[in-house]
Amino acid sequence: MRYLRKKITTGKAENVARSLLGHYLCRKTEDGLVKGMIVETEAYLSKNDQACHASRGKTRRNETMFGEAGKAYIYFIYGNYYCFNVVTGPIGQGEAVLVRAVEPLEGLDLMRERRSYPELDRDLTNGPGKLCQAFAIDRTLDGHELWQEPLYLKENSSINEKTEVKATPRIGISVATSKKLRYIISGSNYLSRRESLE
DNA sequence: GTAGGGATGCCCT
DNA sequence: GGGCATCCCTACA
């Protein structure tokens, strides 16, 4: 298994959001390795997208979003949580993909410990704040290049074309809610919201 | 099972 | 000082 080619994180955010589904997110710390498969993403566009942090220009908080594709944009939200994004646009563009949920594959004991032992394994990583807790992701990793340790994307070569992807409205935003920029692997049990509710 | 609201702290206006 | 790409707990059905 190799690191994900940088190419896949470069381009229009909609396309990258779709392409990242099924690939792996890995995180190494001295406590061990944690790995999951990406099952839910959201695209945040630079233009005509009021919900995107970059839509109001560059600030200290969002400046990595305007940086190089393939870097991590991580921000702090609601006093308690972090959200993890993959920057996708050329320098100066301000586009990114929010990773909203992964299917836990390795290091489940470590995730359980970090998440205070939820009853169900899907509650380890079925939300942007939850997966950042399970993966020990915080602002010290903001700007990190995602093709190297300790936080990196890996290729899943067994993704087949039958994997059914659906586009739905994004979650948790109050503007631009009509755009279908949330992408999910249909049928996954590890989504942040039940598919039947879509 | 679903709905509603409080906690929390950093960044931006 | 307001708002926020969330989570969790409580109440009620």
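What you see is a predicted model; the values in this text were computed from it and never measured.
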query = What interatomic distance, in whole Å, is found between P of C/dA5 and the corresponding atom of B/dA3?
reply = 22 Å
Distance in angstrom units between [X] [atom1] and [N] [atom2], rounded:
X: A/R170; N: C/dT6; atom1: CZ; atom2: P; answer: 12 Å
X: A/I74; N: C/dA5; atom1: CD1; atom2: C1'; answer: 14 Å
X: A/I171; N: C/dA5; atom1: CD1; atom2: C1'; answer: 10 Å

remark   = Going 5' to 3' through nucleotides 8-13 of chain B and flagging B where a protein heavy-atom sits under 4.0 Å of the base, S where only the sugar-phosphate is that close, and - otherwise, we get BBSSS-
ask   = Taking atom CG of A/L153 and atom CG of A/L25, what is their separation to the nearest 0.5 Å?
value = 6.0 Å
message = Quick check for you: to the nearest 0.5 Å, what is the distance between A/R2 atom CZ and A/Y152 atom OH?
response = 16.0 Å
For [N], which nucleotide in any strand shown is its Watson-Crick or wobble partner with both distances under 3.5 Å?
N: B/dT13; answer: none
N: C/dA5; answer: none
N: B/dA3; answer: C/dT10

Sub-4.0 Å heavy-atom contacts from residues 96-125 of chain A onto DNA chain C, ordered by number = A/L98, A/R100, A/R115
query = Got a donor-acceptor contact below 3.5 angstrom from the A/R170 side chain to the A/A43 backbone?
reply = yes
task = Using modelled atom types only, decide if a donor and an acceptor are shared between the side chain of A/N62 and the backbone of A/G57 within a distance under 3.5 Å.
result = yes
note = Exactly one of A/R182, A/E40, A/R100 clears side-chain contact (heavy atoms from CB on, under 4.5 Å) with A/R193, and that residue is A/R182
inquiry  = Quiz question: by atom type and distance under 3.5 Å, do the side chains of A/Q133 and A/R114 form a donor-acceptor pair?
reply    = no
inquiry  = Between A/Y75 and A/Y73 (judged by ring centroids, cut-off 6.0 Å), do the two rings come close enough to count as a pair?
reply    = yes
key: Other residues, nucleotides, ligands: >12 heavy atoms within 6.0 Å of A/R56 CZ   = no
